[in-house]
Structures are given as structure tokens and as C-alpha cells.
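Here the structure is a predicted model, which is why all the values come from computation and not from measurement. Every heavy atom of this structure was used, including side-chain atoms; hydrogens, water molecules and symmetry mates were not.
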Amino acid sequence: MANKSVIKNVNEHVGESVVIGSWVNNKRSSGKIQFLQLRDGTGYIQGVVVKSEVSEQVWDDAKRLTQESSLYVTGIIREEPRSQSGYEMTVTGIEVLHITENYPITPKEHGVDFLMDHRHLWLRSSKQRAVMVIRAEIIRAVQQFFNERGFTKVDPPILTPTSAEGTTNLFHTKYFEEDAYLTQSGQLYMEAAAMALGRVYSFGPTFRAEKSKTRRHLIEFWMIEPEMAFTDHEESLCVQEDFISFVVQSVLTNCRAELEAVGRDVSKLENIKAPFPRISYDDAIKFLNEKGYEIAWGDDFGAPHETAIAEMSDRPVFITHYPAAFKAFYMKPHPDRPEVVLCADMIAPEGYGEIIGGSQRIDDPALLEARFKEHNLSMDTYKWYMDLRTYGTVPHSGFGLGLERTVAWICGLDHVRETIAFPRTLYRLYP
């Protein structure tokens with residue numbers, strides 16, 4: 001009796017008969033031979049049905065199969081160098097589970113709106129499957145990196161009473177009789193966790209109620225937010241570049257086939273190794289002015305500015321020491337230049353923009369209290385956050401990585417909507 005297998009593992013069954021639960025990705029016929037392009041979620045394999053070698057029932061069942069029909073297929077695995085996977089199946093038996101009719105996504109071109117309306121089916125395509133596999137590998141590598149370096153995973157709340165960064169782009173809801181918001185960051189809570197556990201990281205969904213339609217923005221996205229006690233700004237930058245290098249090299253090692261499926265030029269990823277170049281905000285302004293951009297000291301960077309700076313290198317670039325005026329209230333001022341803060345944004349190559357934002361946090365209780373007043377933040381609401389400085393304050397730093405932007409960059413995608421299974425964009429809540 002044939003053993004069950006999955007396509008990914010057929011290399012372990014050469015010369016053996018196996019059963020695979022699969023769907024028909026495509027089909028073609030050449031007279032007395034039918035070629036079934038099969039997928040099972042783990043990979044793709046061609047099933048060859050030879051009329052003279054199977055029963056009439058098996059031949060007729062193969063003829064009935066349509067795109068996305070489901071079946072159990074039995075056959076003998078053999079090596080086939082001409083195949084993309086290196087293997088083929090000589091089909092000996094078919095158990096039809098369901099015959100699909102009028103599958104809406106065909107090999108022809110479809111518009112983006114049509115594909116997004118059918119996202120639940122579009123995920124079955126080879127490119128979209130590959131993106132999801134790469135995303136999963138990035139997540140696995142993230143966890144491996146932090147687990148191997150003594151970080152403890154902590155889960156911050158999704159419902160919060162306040163904003164993490166003092167902004168107004170929050171989704172409001174009611175928490176029984178109280179006002180509450182969907183989190184835009186778990187950072188403040190991770191600072192509390194770091195004071196208990198030393199080095200921590202979170203990995204969870206975050207939400208921004210920004211009416212943005214750019215290719216870099218989602219309404220719901222996932223963030224990785226490490227926080228490190230007894231760690232200064234410089235030490236944090238070293239962790240960040242080691243982190244990104246580790247993740248990219250892990251994808252290159254474990255997802256070569258998927259990178260090929262999305263059409264990624266892997267040579268652009270092979271150079272992503274620490275250390276990464278750094279440029280101060282001051283020097284970045286000078287650089288942009290020399291390039292003809294009209295931007296003054298004190299202005300924030302837009303996408304064109306970030307892209308121009310990223311073109312300085314084939315690796316991510318750190319932009320450091322931004323003006324305090326447009327950065328978050330909790331960032332520690334530079335000891336010699338209080339008008340700038342000890343922070344950095346990591347800008348990905350190839351125009352993908354910021355993928356990491358981080359800083360050293362204010363650890364002086366008096367300065368933090370002054371910041372609360374400057375930003376009109378309620379001391380009552382943030383009392384617990386102030387307690388972190390009142391009871392055993394220490395230098396500490398952290399950063400946040402946007403998962404979807406990172407997936408888009410590593411995959412070479414034009415838009416972040418393809419980086420998550422069911423994207424939430426400005427005008428899309430379906431499916």
C-alpha cells in the first residue's frame with residue numbers, strides 16, 4: 001500500500017509509490033498522455049498519466065480534472081532533471097475529491113482590484129504562495145535570532161488606553177465604559193518588560209488609522225519590537241544590523257526556490273551583511289541639497305529623500321540623530337546637542353524606505369516629566385510609564401521592524417498589499 005507524502009518530501013521516495021493530496025494547478029494533454037501540474041501547498045510536481053499504463057477509469061478521471069479540482073493522486077516518484085523540482089510522478093491511481101467549475105482566476109491577466117476581491121483564491125498562485133513562504137521564513141529567522149541571543153518574547157496588549165507616540169492616528173473603541181484604542185506600537189509596554197527581563201522582544205499586530213494609499217502603507221501590519229536594558233544607542237545599532245543581516249541570509253539559504261518564483265534578483269540580497277553605512281541627519285540634509293532637493297534642516301524626509309539616500313549604498317543605510325522636534329517624546333537627547341536625539345532610521349535599498357526605527361530612550365525622570373508637559377500628555381495616564389524611571393531607571397534602547405515592508409523589500413515587490421495574506425488597506429476590508 002502506498003504511503004502518504006507531500007510534494008516537498010518526494011525526494012525521500014524515489015522509486016516508491018506514494019499518495020499525495022493535491023489540487024490541479026494546470027493540465028495539458030498530448031494524445032495518449034496527460035500531464036497534470038499538481039500543487040499541495042508545499043510545492044509543485046508534474047503527474048504523468050499514460051493511457052496504456054492505467055485503467056480506463058483512471059484515464060477518464062484525469063480527463064475530467066479542471067483547474068483547482070482536488071484529488072488524491074497515487075504514483076511512483078522518479079527523478080526528472082528537466083523538471084523544476086527535479087522529480088516527476090508516474091500516476092497509477094486517482095481519487096477525485098471535487099471537480100471545480102469556472103474557477104475565476106485564470107492564467108490570463110487580471111486587474112489588481114479583481115485579484116484583491118479574490119484574495120482568498122489569489123493566494124493559491126505560485127507567486128503569492130512563494131511570498132507567504134518567504135514571510136514565514138522571515139518570522140522563523142526573527143525568532144531564532146532573538147532566542148539565540150537571550151531575548152524573551154513578551155506579548156504587549158492590543159487594546160490600550162493611550163497612544164504610544166502621542167499621535168492621533170488611532171482606531172478608537174469602547175472598553176466597556178472607558179475609551180480605548182487599537183495599539184500602534186507595543187514599545188512602552190516592552191520597556192516595562194525590559195526592566196523585568198533585561199532583553200525582550202514582541203511580535204504582534206499594530207494599527208494605524210492613517211488615510212494613506214501609498215505602496216508602503218497598510219492599516220493593519222505586524223511589528224517586531226525589541227527592547228534592551230543597559231544598552232545605549234550605538235549598541236542598539238549593532239544589534240539592528242546584525243539582525244537584518246541574519247534574516248536576509250536565512251531567506252537566501254532556505255528560500256531560494258521561492259525567491260526565484262517571485263523573480264527576485266538574489267545578487268542584491270547577497271551583499272546584505274553588517275556593517276551598514278551611517279549618515280547623520282545633518283549630513284543627509286547637505287547631501288540632498290547637493291543633489292538638488294529643496295529641503296531645510298528641521299524638515300522630515302519623504303519617500304524621494306529616503307530613496308536618494310538609500311542609493312548611496314547597496315546595503316541598508318542608517319540615518320541618525322534626527323531633530324527632536326518631530327520625533328517621539330521618549331527619545332533621549334544627544335548629550336552635546338539637545339536639539340537632536342539618539343535615534344536612527346534604517347532605510348532599505350532599492351527604494352523600499354524605512355524598515356526600522358529605533359532610539360535610546362529617556363532614562364532621566366525629570367526630563368521625561370518635562371517631555372510629558374511639552375507634548376500635553378496626561379501624567380495620570382502615563383504614571384505607570386513614569387514609574388519605570390522612578391524605580392530603578394537604567395539606560396535602555398529599542399527599535400521596531402515593520403514586517404510587511406521587510407517582506408516587500410526581500411521579495412522585491414512593488415506594493416506591501418502582497419506581503420500579508422489578507423491586507424487591510426484604506427478602502428479594503430474584504431475578504
Side-chain angles (χ1 to χ4, degrees), residues 142-143 145-158 160 162-167 183-206 208 221-247 274 276 278 316 318-322 324 327-335 340-347 354-365 367-368 371 375 382 384-389 391-403 405-406:
V142 165
Q143 294 173 326
F145 178 87
F146 289 117
N147 292 344
E148 290 180 351
R149 287 157 181 79
F151 285 72
T152 302
K153 185 176 182 295
V154 175
D155 301 315
I158 291 174
T160 69
T162 56
S163 159
E165 299 182 0
T167 65
T183 182
Q184 63 177 189
S185 168
Q187 180 209 308
L188 304 191
Y189 295 96
M190 298 313 294
E191 288 186 54
M195 298 308 120
L197 296 159
R199 302 181 111 197
V200 297
Y201 75 101
S202 66
F203 196 161
T206 52
R208 299 284 171 97
F221 56 100
W222 287 67
M223 289 279 286
I224 297 98
E225 296 183 281
E227 203 71 30
M228 299 161 285
F230 306 103
T231 301
D232 63 22
H233 175 58
E234 179 62 30
E235 291 171 306
S236 178
L237 293 184
C238 292
V239 172
Q240 292 173 47
E241 60 191 4
D242 286 345
F243 172 47
I244 291 300
S245 301
F246 182 88
V247 168
F276 298 161
R278 304 175 188 184
F318 284 113
I319 306 174
T320 67
H321 303 99
Y322 284 81
K327 284 299 184 179
F329 71 90
Y330 51 72
M331 294 187 178
K332 185 180 180 72
H334 191 290
V340 301
V341 287
L342 299 174
C343 73
D345 289 345
M346 184 189 290
I347 310 301
E354 177 194 341
I355 54 173
I356 287 182
S359 72
Q360 186 168 342
R361 321 309 191 186
I362 291 174
D363 52 85
D364 178 1
L367 179 55
L368 185 60
R371 285 287 189 268
H375 290 262
Y382 285 93
W384 70 270
Y385 187 64
M386 190 68 192
D387 283 348
L388 305 180
R389 278 71 178 172
Y391 305 112
T393 188
V394 299
H396 61 290
S397 302
F399 60 92
L401 170 83
L403 176 61
R405 284 191 187 179
T406 305

Practice task
Give the C-alpha distance, both sets of side-chain angles, the deciding distance and a yes or no for side-chain contact (heavy atoms from CB on, under 4.5 Å) between Tyr382 and Tyr330.
Solution key: CA-CA 12 Å; Tyr382 285 93; Tyr330 51 72; over 6 Å; no

What are the two closest non-hydrogen atoms of [X] and [Y], and how far apart are they?
| X | Y | result |
| --- | --- | --- |
| Ser359 | Met331 | OG-CG, 3.3 Å |
| Leu388 | Leu188 | CD1-O, 4.3 Å |
| Lys327 | Cys343 | CE-SG, 4.3 Å |
| Met223 | Gly400 | CE-CA, 4.0 Å |
| Glu227 | Gln187 | OE1-CG, 3.8 Å |
| Ala229 | Met195 | CB-CE, 4.3 Å |

Taking [X] for the side chain and [Y] for the main chain, is one N or O donor matched with an acceptor at less than 3.5 Å?
| X | Y | answer |
| --- | --- | --- |
| Arg389 | Ile362 | yes |
| Thr183 | Thr206 | no |
| Glu354 | Asp345 | no |

First locate atom [atom1] of [X], then atom [atom2] of [Y], and finally report the distance between them rounded to the nearest 0.5 Å.
| X | Y | atom1 | atom2 | result |
| --- | --- | --- | --- | --- |
| Ser397 | Leu342 | OG | CG | 8.0 Å |
| Thr393 | Asp387 | OG1 | CG | 11.5 Å |
| Met228 | Met190 | CE | CE | 11.0 Å |
| Arg278 | Ile319 | CZ | CD1 | 13.5 Å |
| Phe221 | Gln184 | CZ | CD | 8.5 Å |
| Asp155 | Tyr189 | CG | OH | 14.0 Å |

Exercise for the section: Scan Lys332, Glu191, Arg361 and name whichever one has a side chain to side chain donor-acceptor pair (under 3.5 Å) with His396. Expected result: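 For His396, the side chain to side chain donor-acceptor pair (under 3.5 Å) test succeeds with only one of Lys332, Glu191, Arg361, which is Glu191.
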
Practice task
Would you check if the distance from the ring center of His334 to the ring center of His233 is below 6.0 Å?
Solution key: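 When the ring centroids of His334 and His233 are compared, they turn out to be at least 6.0 Å apart.
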
Handout entry: Within the 6.0 Å centroid threshold, strictly below: Phe243 and Phe146
Key =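 Aromatic pair counts; centres sit under 6.0 Å.
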
Practice task
Check the side chains of Ser236 and Gln360 for a donor-acceptor pair under 3.5 angstrom, ignoring hydrogens and angles.
Solution key: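 No, because no side-chain N or O of Gln360 sits under 3.5 Å from a partner of the opposite role on Ser236.
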
Problem - Polar contact flag, side-chain donor to acceptor under 3.5 angstrom, Glu241-Ser245 - result: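 No - no donor-acceptor pair under 3.5 Å links their side chains.
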
Exercise for the section: Begin from the C-alpha positions of Asp363 and Val394 and carry the test side-chain contact (heavy atoms from CB on, under 4.5 Å) through to its verdict. Expected result: CA-CA 6 Å; Asp363 52 85; Val394 299; over 6 Å; no

Only pairs under 3.5 Å count here: list side-chain donor-acceptor contacts from residues 197-205, not counting sequence neighbours, and write none if there are none.
| from | atom 1 | to | atom 2 | distance (Å) |
| --- | --- | --- | --- | --- |
| Arg199 | NH1 | Arg149 | O | 3.3 |
| Tyr201 | OH | Asn147 | OD1 | 3.4 |

Problem - From CA spacing to verdict: side-chain contact (heavy atoms from CB on, under 4.5 Å), Val142, Phe246 - result: CA-CA 8 Å; Val142 165; Phe246 182 88; over 6 Å; no

Mind checking whether [X] and [Y] have side chains closer than 4.5 Å, heavy atoms only?
| X | Y | result |
| --- | --- | --- |
| Phe230 | Glu235 | no |
| Ile356 | Pro316 | no |
| Thr231 | Val239 | no |
| Phe318 | Gln240 | yes |

